[in-house]
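Report on one structure; see the data block that follows.
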Amino acid sequence: MARMNLLVNAKKYEIDVAPETPLLWVLRDTLGLTGTKFGCGMGLCGACTVHLDADAARSCQTPVGSVGAKKITTIEGLSADRSHPLQKAWIAQQVPQCGYCQSGQIMQAAALLIKNPRPTRDEIDQAMSGNICRCGTYQRIRRAIQQAAKEAA
Amino acid sequence: MTDTTTEVGRREFLRIGASTGVALMVGFYLPSKGRAARWQSAQAGPFTPNAWVRITPDNQVTVLVEKPEMGQGQRTTEAMLLAEELDIDFSTIRIEQAPTIPDIYKSLSTGGSGGTRAGWGSVRKAGAQARAMFVMAAAQQWNVDKQECRTENGAVLHAPTGRRFTYGELVEQASKLPEISASTVSLKDTKDFRFIGKPLPRVDTPSKVDGSAGFGIDVRVPNMLYAVIARCPHFGGRLQNFDALGAKEVPGVHAVFPVPPLGFLDICGYGGRNLNTAGGVAVVANSTWAAIQGRKALKLNWNRGSNGNETTDSLRKVLDGQATAPPTFIALDRGNAGKSLDKAAKKIEATYELPFTAHATMEPMNSTVHVRDGEIEIWSPTQWANVIQDEIATLSGLPKNKVIVNMTLSGGSFGRRAQWDYAAEAWQVAREIKKPVQLVWTREDDIQHDFYREYSYHRLLGGLDQQGRIVSWSHRVVSTPIRPVFDSAESLQDPQHSAEVGGADSLPYFSPNIRLDYAPAHSAVPRAWWRSVESSFNAFAVECFIDELAHAAGKDPYEFRVGLLHEDANVPTGEGLDTRKFRSVLQLAAEKAGWGKPLPVGWGRGIACHWSFDSYVAHVAEVSVQKDGAVHVRRVVTAVDCGTAVNPDGVRAMAEGAINFALTPVLGGEITIKDGAAEQSNFHDFQVLRMNQAPDIEVYIMPSTDPPGGMGEPGVPPLAPAVANAIFAATGVRVRRLPIDSRLLKNLPAS
């Protein structure tokens with residue numbers, strides 16, 4: 001166990017956990033932020049995607065002890081009120097079905113748009129293919145990212 | 001699908017409430033996010049005309065949806081049906097999951113794409129009944145004839161005098177009224193629909209884009225613990241012994257103990273159901289991670305049991321043998337398929353094989369259970385809340401009204417959460433702990449201990465005459481059937497009970513001689529209903545074989561199909577299949593896909609059509625095949641006839657989702673067996689469809705005012721054969737086994 005500070009969604013948390021604990025479980029079980037999801041535990045499905053500073057990270061593969069002073073943003077912190085262009089596009093395109101993968105999808109897409117505000121269709125596919133959706137909303141995710149990119153331009 | 005219409009009016013609702021021991025007066029309150037249902041009396045509280053709707057004096061309408069929401073849009077559809085007949089502003093309604101009281105809510109389960117079909121009568125009547133009571137209340141207040149009153153968007157109007165009451169203003173008066181029976185109320189005509197038929201946005205979408213939607217695995221209650229179970233990887237194997245020392249030393253671990261496997265339970269009739277839990281060793285900890293780490297530190301010895309030699313190869317031999325062995329069940333036997341085949345001008349034979357595949361829902365299995373003195377509370381994603389209640393009551397010996405089941409959102413299901421194993425396991429753990437315990441399955445648990453789609457093997461023999469018409473059609477279906485996994489020995493005595501011929505028995509293409517029969521293959525691998533069930537494999541066989549017959553007849557696959565549709569509208573082999581509708585969706589898909597137009601070199605188009613769960617779906621798939629044999633599904637054009645499309649965007653979403661879902665076992669998604677265990681364990685070796693493999697999709701919905709058909713599953717069956725047929729068009733090679741083996745497609749000359 002080790003005491004450490006985490007900055008999550010602009011809020012400081014003091015926690016006492018083993019540093020090798022994946023950030024995913026610290027978020028979900030220690031801090032009660034359940035918007036970030038568990039899907040595979042091996043970094044293969046993307047459901048656990050959060051931002052560390054401006055980068056997407058698979059929180060199931062991120063030991064909490066490695067985060068340090070980086071700003072953690074989870075789906076809960078993407079906006080206060082669903083006003084992020086991706087969230088608006090996700091609603092306009094009626095993307096989610098079961099919804100379980102969507103936090104990770106949105107966070108991955110948000111990181112893409114930070115780095116590449118005008119992605120091509122192939123660039124979207126490449127960036128997003130680490131995120132699995134078993135309900136099959138891929139076509140709508142593509143359209144929503146394209147819509148958000150256009151509207152943010 | 002049987003009509004579960006039942007009217008539970010207010011009086012009945014109160015009576016049942018009283019008999020279940022619940023203190024229920026005029027209204028009831030069900031908080032969201034999975035906390036315990038609290039029942040409170042209300043003096044001047046909400047008006048509850050029936051179990052599906054509650055209106056408060058501030059004109060707030062809350063719709064209680066019975067059925068589970070697992071991504072199929074059920075909440076929105078049910079709300080639309082109720083709002084339509086109640087006549088309110090859809091954008092202002094609130095949705096709650098109905099509590100699990102089976103005496104009141106008869107339709108708490110979903111499966112077989114039945115949600116909208118079930119609600120088409122019952123939920124609409126509930127809305128109409130509530131509206132009728134408001135009209136009566138207003139008419140009484142105004143002392144006018146209720147025929148002079150009409151409703152408009154949450155208010156009752158009296159046109160002659162221009163007076164108006166909102167429903168909220170009528171709550172107190174309506175609460176005093178005698179019952180209006182739902183059977184006396186009439187439903188709206190299609191022409192008057194305001195919501196039905198419109199692509200209204202889903203009610204749960206906002207919560208699914210900001211992380212606030214709570215799934216079963218997100219349930220958090222005070223003092224809860226987390227658990228995982230170590231299960232024998234070999235199916236049917238058992239725990240021999242274990243050493244918990246290392247596990248108990250992991251920080252955060254509270255307890256380690258064995259859980260026995262669960263077998264037959266006297267629920268559901270048919271002589272009971274086999275719960276089929278593997279049993280194993282439970283590790284309980286103060287966090288999910290600690291439980292997982294604790295399990296890693298266990299030393300476990302398993303007894304492989306008698307199935308340790310089962311492999312995919314050994315199973316294939318059994319299936320192959322059963323393809324020519326005597327059948328256990330003959331489903332169709334018209335004319336003489338054997339003799340007519342002998343005399344046919346052309347004979348075609350093909351064998352198709354579809355292996356096990358997993359459900360792999362994004363949210364793994366989980367249930368949270370709290371065993372308290374004299375009552376048990378469960379929070380679980382499930383397709384069958386009432387059966388979980390029944391199961392836990394039976395296991396614990398408590399009466400059902402002491403088993404509170406809170407149905408959560410489900411992170412996908414596809415039939416997996418129609419099993420009750422994981423809830424029973426959670427109870428087994430929770431009863432040792434007496435604090436709330438959330439049992440979680442890791443992805444490895446999920447892939448290795450799924451109830452897979454059954455392995456199937458199909459032998460088809462077809463005969464054509466000189467004109468290229470079918471004179472003989474024989475289909476032997478062999479599978480590792482589902483029923484023996486769950487059902488009692490008595491119910492299994494009738495071989496028809498296990499015969500998985502659905503989707504093959506409703507053959508729309510005419511042949512004077514037809515034979516359809518079945519033979520089972522024994523396997524220890526657990527199986528259960530996977531999205532579209534038997535149609536998912538039988539449609540592959542039928543729609544691939546009809547394509548092969550078309551080729552043998554020298555005919556275009558689309559024209560061949562249309563030309564063979566029975567002249568009688570209704571197919572004698574499939575009760576309810578209307579060949580006119582089948583033809584229409586085929587035509588629409590072909591037209592919209594530009595069937596017959598040229599494609600680039602290395603590309604091909606394939607078509608397939610299937611009727612299931614009262615709906616008709618045709619897909620035209622366009623694929624490209626590379627020199628290295630890699631297949632890209634570029635585009636799928638789909639035509640759907642699902643009767644009334646209650647929410648057309650929902651219908652589209654189900655078609656798109658089904659296409660993507662069905663594509664996984666075509667391109668990958670195989671479960672292979674070795675040593676009586678699944679060889680795959682996570683998404684690195686159980687490969688599912690990803691965005692860069694997802695085709696462009698266009699969906700066209702046939703206009704219809706017929707009652708709705710299902711839409712959760714019907715998009716699945718025709719997808720795999722459309723792709724296989726497209727590959728043939730591109731390469732001249734028949735894909736008869738899934739997943740596609742690209743080695744068979746390498747270096748082919750362009751067709």
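Every chain is numbered from 1 and lettered A, B, ... according to where its sequence line falls, protein lines coming before strand lines.
- Comparing A:C135, A:G77, A:G130 by heavy-atom pairs within less than 4.5 Å of chain B, the highest count is held by A:C135.
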### Task
Let me see the working for B:R220 and A:D29 under salt bridge (charged side-chain N to carboxylate O under 4.0 Å, His left out), right down to the final yes or no.
CA-CA 9 Å; B:R220 295 289 180 268; A:D29 292 355; 2.9 Å; yes

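- Taking the six-membered ring where tryptophan is involved, the planes of B:F215 and A:Y100 are perpendicular, since the angle between them exceeds 60° and thus also 30°.
- Using modelled atom types, no side-chain atom of B:T638 and backbone atom of B:V699 make a donor-acceptor pair closer than 3.5 Å.
- With chain B as the partner, the residue from A:M1, A:Q102, A:K37 showing the most heavy-atom pairs under 4.5 Å is A:K37.
- Each of B:A290, B:A653, B:P364 has some count of heavy-atom pairs under 4.5 Å with chain A, and the biggest count is that of B:A653.
- Taking B:M70, B:Q72, B:H684 one by one and counting their heavy-atom pairs under 4.5 Å with chain A, the maximum is reached by B:H684.
- Heavy-atom minimum distance, B:M711 versus B:V651: CG-CG1, 3.9 Å.
- Here B:P201 is the residue among B:P201, B:S287, B:G650 with the most heavy-atom pairs under 4.5 Å with chain A.
- Contact annotation for B:P199: neither backbone nor side-chain heavy atoms come within less than 4.5 Å of a heavy atom of chain A.
- For a residue to count as touching a neighbouring chain, one of its non-hydrogen atoms must lie under 4.5 Å from one of that chain's; by this rule A:R140 touches chain B with the side chain only.
- Electrostatic pairing of B:E444 and B:R295 does not count as a salt bridge here, judged by no charged N lying under 4.0 Å from a carboxylate O.
- Top candidate by heavy-atom pairs under 4.5 Å with chain B, chosen from A:A18, A:G35, A:G39, is A:G39.
- With a threshold of 4.5 angstrom between heavy atoms, A:D81 does not approach chain B through any atom at all.
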### Message
What verdict does the salt bridge (charged side-chain N to carboxylate O under 4.0 Å, His left out) test give for A:E123 and A:R118, after you've listed the backbone C-alpha separation in whole Å, the side-chain angles of each residue and the deciding distance to 0.1 Å?
### Response
CA-CA 9 Å; A:E123 285 167 340; A:R118 312 285 288 277; over 6 Å; no

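- Only the side chain of B:T664 comes within less than 4.5 Å of a heavy atom in chain A; its backbone stays farther off.
- Ranked by heavy-atom pairs shorter than 4.5 Å toward chain B, the options A:L24, A:D125, A:I141 are led by A:D125.
- The residue among A:P96, A:A47, A:S103 with the most heavy atom pairs within less than 4.5 Å of chain B is A:P96.
- Interface summary for chain A: among B:G73, B:A360, B:G412, the most heavy-atom pairs under 4.5 angstrom belong to B:A360.
- Annotation: maximal heavy-atom pairing with chain A below 4.5 Å, among B:D649, B:L409, B:T442, occurs at B:D649.
- Of the two parts of A:R121, only the side chain, counted from C-beta on, holds a non-hydrogen atom closer than 4.5 Å to a non-hydrogen atom of chain B.
- At a 4.5 Å heavy-atom cutoff, B:R75 makes no contact with chain A through either its backbone or its side chain.
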### Task
Output, in order, the C-alpha distance, side-chain angles, deciding distance and verdict of ring pair (Phe, Tyr, Trp, His ring centres under 6.0 Å) for B:Y226 and B:W289.
CA-CA 9 Å; B:Y226 302 83; B:W289 179 245; over 10 Å; no

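- At a 4.5 Å heavy-atom cutoff, A:L33 makes no contact with chain B through either its backbone or its side chain.
- Neither the backbone nor the side chain of B:P251 comes within less than 4.5 Å of any heavy atom in chain A.
- Heavy atoms of A:I106 lying under 4.5 Å from chain B belong exclusively to its side chain.
- In this structure, B:R531 satisfies the cation-pi test against B:F661, with its NZ or CZ atom closer than 6.0 Å to the six-membered ring centre and inside 45 degrees of the ring normal.
- Side chains of B:H254 and B:V437 form no contact here, defined as non-hydrogen atoms less than 4.5 Å apart.
- Put simply, the side chain of B:M362 reaches to within 4.5 Å of the side chain of A:C45, judged on heavy atoms.
- Between the side chains of B:S212 and B:D210, at least one donor N or O lies within less than 3.5 Å of an accepting N or O.
- A perpendicular orientation is assigned to the rings of B:Y422 and B:W441, their planes being inclined by more than 60° (bins at 30° and 60°).
- Of the residues considered (B:I292, B:V440, B:I697), B:I697 shows the highest number of contacts with chain A, using heavy-atom pairs under 4.5 Å.
- Side-chain N/O atoms of B:Q293 and B:K296 include a donor and acceptor closer than 3.5 Å.
- Looking only at heavy-atom pairs under 4.5 Å with chain B, the residue among A:M128, A:R134, A:Q87, A:E76 that has the most is A:R134.
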